[in-house]
Protein chains: 2
Amino acid sequence: MSNLADRMEEYLKKLLILSPSGYIDIKRKELANKFLCVPSQINYVLGTRFTLDKGYLVESKRGGKGYVRIKKLQLSVENLLSTFLKDIVAGGISDERARGIIQRLYELKYISLRESRLMETALNALKAVEDNTIREELRGLLLRDMLLLLIKF
Amino acid sequence: MSNLADRMEEYLKKLLILSPSGYIDIKRKELANKFLCVPSQINYVLGTRFTLDKGYLVESKRGGKGYVRIKKLQLSVENLLSTFLKDIVAGGISDERARGIIQRLYELKYISLRESRLMETALNALKAVEDNTIREELRGLLLRDMLLLLIKF
DNA sequence: TTACTAAAGGTCAGTAATGGTCAAAGTCTA
DNA sequence: TAGACTTTGACCATTACTGACCTTTAGTAA
């Protein structure tokens, strides 16, 4: 029922959980063979599911003895928040980045699923704002205030 | 008496009753084929028969392996919410009324303190929007989407 | 060293597979 | 027959997947 990309994502995340080192090394071609697809499909999955915003770091090496390494980042909530707040205060913030932040906070159990969805919904509503610049600013404001609030409670 | 839309409604409701999970997943195109109509007819049926007011929630995903999920809600607080929703959809909503709704939901223990604050914070951020009319609209959108979200989770 | 080769992995544009929207046309019904 | 409800179809948006072509690296023969 589910598609290739979803199954591959699930597979890789399972491997990550089982890995004591916190990262996994894979061979692009081997994985493609295992899932009966072209190698570039791996990049699609990595590019859509294992982004930095979602808390993953992907490194790779080409050529002989090449590999793709997927690492799950472990950051403390404090670091996360202060980094993000700095970014935000500096100006606006992209929609993608904002969502990444929310996702991370959820993974860190700092906010509940419902809270994370509420925040995402608030971001969504901003799509209705016509002006690009204003929207970015508003998004920054919104996210900052919500984060500050979460710190308080 | 028995037009396409009615027959399709009946069919889907039958499926829902038979589904242990409380929801069903369908393929828009397949269903259209089964009923010998254009795909958009499915959207018409969903939009007229499976609305929130009637206790249904519809979610979907596009692209390969996409789907349309229809969920039957267990009514209770949902009733209350849909009442609020009707008000909101009618146009914008005042800041006061918005806060009133949030307060009410908190009192009913439908949302936590933290959740209520998050929602209020989101409303606050809108103060930065200059244009009065746009602000009202945006507030309506925002609150509506957040309430819809709460129903889902 | 140098140059060549094989073995990786990366990019990107194109295609396929879905579902969504909206307005116009058709059909019923009070 | 006006207004409400249905149905259709053209056009749009999103997500997944593929393949041709490109870049990098390790190994090795000269």
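Keep in mind the model is a prediction, meaning the values are calculated, not measured. Chain A is the first sequence line, chain B the second, and so forth, proteins listed ahead of strands; every chain is numbered from 1.
In this entry the distance linking CG of A:N33 with P of C:dG9 reads 11 Å, nearest Å. A straight line from CD of B:E59 to C1' of C:dG20 spans 16 Å, rounded to a whole angstrom. In this structure, A:Q41 places its CD atom 18 Å from P of C:dT15, rounding to the nearest Å. Here C:dA17 presents its C1' atom at 12 Å from CD of B:E30, a figure rounded to the nearest Å. Atom OH of A:Y44 and atom C1' of D:dA16 are 5 Å apart (whole Å).
In this structure, B:S60 reaches the sugar-phosphate backbone alone: every heavy-atom distance under 4.0 Å involves primed, P, OP1 or OP2 atoms, never a base. Among the atoms of the strands shown, none is found under 4.0 Å from any heavy atom of A:R69. Looking at heavy-atom distances under 4.0 Å, A:I42 makes no contact with the nucleic acid at all. Backbone-only contact: B:G66 has heavy atoms under 4.0 Å from sugar-phosphate atoms and none from a base.
Distances shorter than 4.0 Å separate some side-chain N or O of B:K27 from OP1 or OP2 on C:dT18. Here A:K65 reaches the OP1 or OP2 of D:dG27: one of its side-chain N or O atoms lies under 4.0 Å away. Checking the phosphate oxygens (OP1, OP2) of D:dA16, a side-chain nitrogen or oxygen of B:K61 falls inside 4.0 Å. A close approach under 4.0 Å does not occur between any side-chain nitrogen or oxygen of A:R28 and OP1 or OP2 of C:dT11.
Electrostatic pairing of A:K34 and A:E30 does not count as a salt bridge here, judged by no charged N lying under 4.0 Å from a carboxylate O.
Using a 3.5 Å distance cut-off with no hydrogens or angles, the side chains of B:N124 and B:R99 do pair a donor with an acceptor.
Across the interface with DNA chain D, nearest-nucleotide mapping of B:V45 and A:R49 shows B:V45 to be the residue nearer the 5′ end. Nucleotides of DNA chain C nearest to B:G64 and B:S40 differ in position, and the one nearer the 5' end is that of B:G64.
Atom CE of B:M119 is separated from atom CG of B:L150 by 5.0 Å, given to the nearest 0.5 angstrom. Residue A:S112 holds its OG atom at 5.5 Å from CD of B:E115, rounded to the nearest 0.5 Å.
Scanning all heavy atoms of the two residues, the minimum distance from B:L118 to A:L149 falls at N-CD2, 3.4 Å.
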